[in-house]
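Convention: sequence-line order gives letters A, B, ...; per-chain numbering from 1.
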Amino acid sequence: MSIKAKLLLANILMFFAALTPGWILVGSYMEMPKNLGITRSVYSLVHELTLLNNAMVDIRHRDIERAQKQWIGISDEIKGYIENLADMGVHPRYYETLRETNRLIRRLFEGVNTANIQTLDETQRNFLITQVNLKTHDMIMVGHILLSIMQEDLQAANDRATQYVLAFFVLVVVIFIYMYWFLSYSIVNPLIDLEYCVREIGKGEFDIKVPTSGNDEIGALGVAVNKMKANLKMLTKSKEEFLSTAAHELKTPITVLKTTSQLMEGMSGEELKNFLPYALSTINKQCDQLNKLVVDVLEVSKLELEKTELRVVHFSMNHLVEEVVQNMAKISEGHELEVIRNDEVDIFADRTRIEQVLVNLIDNAIKYSPNSKKIEIESKQESEKVVISVKDYGIGIAKSRQGQIFERFYRAHAGTAYEQVTSMGVGLFLSKQFVLRHGGEIKFNSVEGEGSTFFFSLPIKTEVSHGNE
Amino acid sequence: MATNRILVVEDNPDLRMLTKLALTKKGFVVTCAENGQVALESIEKDGMPDLILLDMKMPIMDGWEFSKQFKEKHDHAAPIVVMTAAQDSRGRAMEIGADSFLGKPFELDQLFDCVKNMLH
């Protein structure tokens with residue numbers, strides 16, 4: 001489950017958790033008017049019952065008519081309130097007895113009138129008064145019992161509601177604890193693990209295992225960190241190799257210079273005179289070599305800082321090809337550089353950089369064909385671009401190493417018998433960057449043991465790109 | 001002092017030539033080889049030298065492979081001095097079980113001292 005989904009789930013749970021007490025509150029608020037109505041009716045009933053006491057007094061004073069009138073009025077009121085209670089959904093058990101007693105007394109009074117009261121003898125009159133007294137008394141009792149029962153029931157209902165609220169509160173707490181556990185287990189803990197790994201990688205510990213389990217965003221982050229770790233590991237390794245190779249490459253010309261000068265110290269006269277031309281040309285050559293190494297290193301760091309600016313001039317590509325081939329032929333010992341085709345093309349480009357590319361490609365062709373001396377160079381115009389190729393019949397590049405050859409500090413032949421050949425692993429990287437900045441392309445075909453062909457193309461009506469690539 | 005023969009195995013042509021020149025001036029007979037393979041062929045052809053000066057990083061056959069094959073074929077019949085531009089030249093020498101080492105760039109006097117020590 002993704003983190004987004006987890007957060008959504010947590011939100012939904014929290015929504016319900018917050019809704020439950022809210023619902024209880026709203027529910028009791030809705031109940032309030034009804035409860036108030038019931039309570040009011042019950043108190044009115046009790047009030048009516050106290051009025052009955054007055055009626056009883058009247059009966060005792062033998063004012064039957066007045067008592068009758070009062071009684072029927074009170075009875076109507078009681079009947080009304082009981083109906084009210086029934087309307088409000090109060091259970092009949094609370095008012096059934098009261099209603100029955102009320103009906104009985106009413107019937108009793110309806111059957112009595114002034115005329116026949118006068119005909120009643122003392123005994124009958126006393127019996128009637130006693131009956132009315134008894135029934136009234138009953139009714140007051142019943143009313144009070146009803147009231148207390150209702151109070152008890154209301155109290156019980158209240159207690160139950162409190163229990164519900166407590167139960168829901170416990171449930172909400174449980175939900176929150178579960179959510180805390182769930183979120184921390186599935187989100188925060190993996191993040192802590194990942195943070196530890198990233199910190200270790202930052203210290204240069206590249207062998208640490210980054211957790212990539214879990215198909216959520218953190219799992220994806222783990223995969224990305226792993227990839228970054230692999231890249232960093234490779235880059236660090238390449239840089240270390242580059243530094244050691246650069247030191248080695250710088251030391252070789254220095255050794256030659258030092259040995260030459262020390263040899264000269266021990267010479268004099270004719271011997272020194274004969275040695276001098278060789279010494280001077282050696283010093284010159286070694287200084288060039290040192291300079292090239294320094295320039296390469298600087299170019300790489302400039303490219304890393306994206307500071308390289310192209311100095312675009314208009315020049316003849318075929319002249320450049322001829323010039324480079326002639327110079328390289330002088331330096332190489334025994335390789336045969338053959339220009340197969342060289343179309344006349346003028347282009348706008350940074351001449352120095354394009355020369356560097358061509359020199360790098362021919363230099364590589366010479367280095368990596370120790371046993372085959374033939375190198376073929378071709379420059380041809382293809383519609384809007386010029387394509388230059390350098391083909392050798394040398395050792396070629398193993399398939400497994402072909403993907404990385406344009407990466408900086410990468411030396412395709414490291415670890416093979418050809419590793420020792422002078423290389424800092426920056427030539428092809430620089431060449432590719434230069435060609436890309438001109439809006440061109442660089443590609444190669446290579447078969448291990450049969451040789452390699454490197455091509456690069458440059459647009460002729462060039463709108464030079466000043467971008468990074 | 002009998003003329004001692006030294007085999008210089010070094011891929012850089014200038015350094016090869018200069019070392020040869022320096023040692024020749026001191027009265028040694030110097031044979032050169034541009035890599036391990038040529039060095040092995042030279043031993044087959046011209047016989048065992050009294051000392052081998054060996055560069056490590058060379059094309060076709062490097063110092064490591066050369067010393068391995070040299071020990072197998074010739075039972076380490078001549079002392080080997082490693083000439084290396086690596087930071088840890090002593091380590092390089094120990095890696096291949098060489099008898100001594102020279103870190104590049106070296107003083108010519110160091111070279112002569114080393115050669116003398118090895119031959120006595």
Side-chain angles (χ1 to χ4, degrees), chain A residues 240-241 243-268 271-272 274-275 278-290 331-334 366-371 394-395 411 413-424, chain B residues 8-27 30 33-40 53-66 68-69 82-89 91-92 101-115:
Chain A
E240 277 165 12
E241 277 176 12
L243 280 177
S244 114
T245 316
H248 188 274
E249 290 308 309
L250 289 168
K251 274 183 173 182
T252 304
I254 291 171
T255 309
V256 173
L257 288 172
K258 193 171 168 72
T259 313
T260 307
S261 69
Q262 287 186 83
L263 268 172
M264 282 170 78
E265 272 174 4
M267 291 176 180
S268 59
E271 192 189 16
L272 181 62
N274 290 337
F275 188 66
Y278 167 78
L280 291 177
S281 92
T282 303
I283 289 168
N284 208 5
K285 211 164 74 184
Q286 300 304 327
C287 286
D288 286 349
Q289 173 71 12
L290 281 173
I331 298 171
S332 92
E333 289 164 10
I366 293 172
K367 277 186 204 163
Y368 298 112
S369 54
N371 299 319
I395 59 177
R411 292 181 306 143
H413 301 282
T416 72
Y418 298 93
E419 182 187 355
Q420 298 72 27
V421 170
T422 319
S423 156
M424 292 213 293
Chain B
V8 176
V9 193
E10 164 67 63
D11 65 325
N12 184 301
D14 291 300
L15 201 54
R16 198 163 65 227
M17 204 281 277
L18 291 165
T19 315
K20 180 180 178 173
L21 186 62
L23 290 171
T24 311
K25 278 183 70 177
K26 287 282 172 182
V30 180
E34 68 242 41
N35 60 54
Q37 201 176 326
V38 177
L40 284 173
L53 292 179
L54 179 67
D55 184 25
M56 295 305 288
K57 290 201 161 195
M58 291 178 293
I60 300 175
M61 189 192 284
D62 60 24
W64 286 270
E65 184 62 26
F66 168 78
K68 199 176 129 202
Q69 293 200 17
V82 166
M83 300 189 295
T84 172
Q87 286 305 100
D88 182 17
S89 38
R92 281 287 147 83
F101 64 91
L102 276 172
K104 288 179 186 173
F106 47 78
E107 303 286 333
L108 277 183
D109 288 342
Q110 273 179 305
L111 172 69
F112 298 143
D113 288 348
C114 180
V115 167

Can you tell me how far apart CG (B/Asn12) and CD (A/Gln286) are? Round to the nearest 0.5 Å. 6.0 Å

Taking the side chain as every heavy atom from C-beta outward, state whether A/Met267 and B/Leu21 have any atom pair closer than 4.5 Å. yes

Across all chains, not counting sequence neighbours, the side-chain hydrogen bond (donor to acceptor under 3.5 Å, both in side chains) partners of B/Glu34 are none

Is there a side-chain contact between A/Lys285 and B/Asp14 in this structure, where contact means two heavy atoms from C-beta onward sitting under 4.5 Å apart? yes

Side chain, backbone, both or neither: which part of A/Thr282 has an atom under 4.5 Å from a heavy atom of chain B? side chain

Output for pair (B/Lys57 NZ, A/Glu249 CD), nearest 0.5 Å, gives 7.5 Å

Enter the distance from B/Met17:CE to A/Thr259:OG1 here, rounded to the nearest 0.5 Å. 11.0 Å

With sequence neighbours left out, the residues meeting salt bridge (Lys or Arg N to Asp or Glu O under 4.0 Å) with B/Glu107 are A/Lys258

Nearest heavy-atom contact between A/Val256 and B/Leu18 is O-CD1, 3.6 Å

Neighbour count above 12 (heavy atom, 6.0 Å) for B/Lys68 NZ: no

Measure across B/Pro105 and A/Thr255 and return the closest heavy-atom pair with its distance rounded to 0.1 Å. CA-OG1, 3.4 Å

Quick check on A/Glu271 against chain B: is it the side chain, the backbone, both or neither that has a heavy atom closer than 4.5 Å? side chain

